[in-house]
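Per chain, numbering begins at 1; letters A, B, ... match sequence-line order.
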2 protein chains.
Amino acid sequence: MAGSITDILKNPESIKVSGSLWIESNGQPFFGPGPVELLERIEATGSISMAAKEMKMSYKKAWELVNNLNAQMANPVVIPQAGGEKGGGSTITPEAVKLIQYHRQMRERFASFLEAETARLKK
Amino acid sequence: MAGSITDILKNPESIKVSGSLWIESNGQPFFGPGPVELLERIEATGSISMAAKEMKMSYKKAWELVNNLNAQMANPVVIPQAGGEKGGGSTITPEAVKLIQYHRQMRERFASFLEAETARLKK
DNA sequence: AATCGTTATATCTTTGAAAATATAACGATA
DNA sequence: TATCGTTATATTTTCAAAGATATAACGATT
C-alpha cells in the first residue's frame, strides 16, 4: 500500500519480520530452540551422544546444555547413566516433556506474531 | 499457580520470556536494534565516526552497517559527505526517520507480547 | 595550496568461541 | 574380570569475527 515501509525498500517482496524467542532464568537464556530439539532427540535415541551426532553438535556442547538445564530445574529433565548395558544412556523426565510442549505452543504464538508483523509491514 | 511451568523451576521468580526482533530482506537481517541506535546517533551528531565512538563501535563496523542499509533501500538512509567544512559529515534522510519510527513501534508491540508470554508462564 | 576532520578502504592483529582430540570413569552383562 | 558404548572432563587446535592500525580521498574554508 502507498506509504508503507516496503515502498522505500529495494526488494519489497523479499521482506519479512523475523525473530528469536527463549526463556530466561537468572537473567540468562536457558531454554531456546536448541535445547528443545536436543531433548526431543535424547528422548528418541536414549542417548546424549547420539542426539548430539544427529544435530551435528559436539558432545561437549550437548552435555553442557543438558547440565545447564538440569541445574535450572527443581528436578532434572535428563537422567544420565554412565555405564551399564550398552554402555549407558539417558532418559528424559516428565518435566522435560512438559517443557517441550510448552515451548512448542509458545513458538506457535510467536510465529503468529511474526506473521502479523510482516503483514503489517506491507500495508 | 499449581501446574504451571514455574513450578518445576529452581528459581521461579527470576523467570521471564525474552527475545529479539529484526527485519529481514533477501533472507538476511538488515535492520535490528543496532542499526536503529546508530541511525539515531548519526542524526544527533551529524557524523558516522562520532556516532560509532559513542556506541563504542569501530568506525569500520558502523560504516559497514550504513553501507548495508543503503544497499537495501530504494533511496539511501544516510547521505555521507567526505570533505567539506569540518571535514565532512553525514545526515539521515526522511526514509531513515520513517524506519526508526516504525521499528520503535514494532518493538513496543513485541515488548507487550513478551510480557504477555511471561505472565502466561506463571499461571 | 594548506588545513581540517571526515569518509572510504585495505591490511594486519587479536581474541574468543567452537571444534577436535584425548582420556578417565562408569556399571550391567557375559 | 574383560568388554562395551556411554557419560564426564580436560586439553589442544582451529578459525572466523572483531578490533586495531594505517593510509588515501574528499571538498569547503582560509
Can you find a side chain N or O atom of W63(A) that sits less than 4.0 Å from OP1 or OP2 on dA8(D)?
yes
Would you say a side-chain N or O of S49(A) is under 4.0 Å from OP1 or OP2 of dG5(D)?
no
Does the pair V97(B) and I92(B) meet the rule for a side chain to side chain contact (heavy atoms under 4.5 Å, CB included), with working shown?
CA-CA 8 Å; V97(B) 174; I92(B) 72 173; 4.1 Å; yes
Do [X] and [Y] come within less than 4.5 Å of each other through their side chains, counting heavy atoms only?
X: R120(A); Y: R109(B); value: yes
X: E24(B); Y: V17(A); value: no
X: P35(B); Y: L69(B); value: yes

[X] [atom1] to [N] [atom2]: how many Å, rounded?
X: E64(A); N: dT7(D); atom1: CD; atom2: C1'; result: 14 Å
X: I79(B); N: dG27(D); atom1: CD1; atom2: P; result: 15 Å
X: I42(B); N: dT7(C); atom1: CD1; atom2: C1'; result: 12 Å
X: Y59(A); N: dA18(C); atom1: OH; atom2: C1'; result: 17 Å
X: N70(B); N: dA8(C); atom1: CG; atom2: P; result: 9 Å
X: L65(B); N: dT7(C); atom1: CG; atom2: C1'; result: 16 Å
X: M50(B); N: dT7(C); atom1: CE; atom2: C1'; result: 15 Å
X: K56(A); N: dA20(C); atom1: NZ; atom2: C1'; result: 17 Å

Salt-bridge criterion met for R104(B) and E40(B) (N-O under 4.0 Å)
yes
Starting at the 5' end of DNA chain C and moving along, which residue's nearest nucleotide shows up first, M57(A) or V66(B)?
V66(B)
Counting only N and O atoms by type, is there a donor-acceptor contact under 3.5 Å from the side chain of Q81(A) to the main-chain atoms of G83(A)?
yes
From the list dT11(C), dA10(D), dT7(C), which nucleotide is the closest neighbour of the side chain of K60(A)?
dA10(D)
Using residues 42-53 of chain B as the side-chain source, report each donor-acceptor pair under 3.5 Å to any protein atom, sequence neighbours left out, with the distance given to one decimal.
| residue | atom | partner | partner atom | Å |
| --- | --- | --- | --- | --- |
| T45(B) | OG1 | R41(B) | O | 2.7 |
| T45(B) | OG1 | S47(B) | N | 3.3 |
| T45(B) | OG1 | S47(B) | O | 3.1 |
| S47(B) | OG | S49(B) | N | 3.2 |
| S47(B) | OG | S49(B) | OG | 3.1 |
| S47(B) | OG | M50(B) | N | 3.0 |

Which parts of residues 80-99 of chain B get close to DNA chain D, meaning a heavy atom less than 4.0 angstrom away?
A82(B), G83(B), G84(B), E85(B)
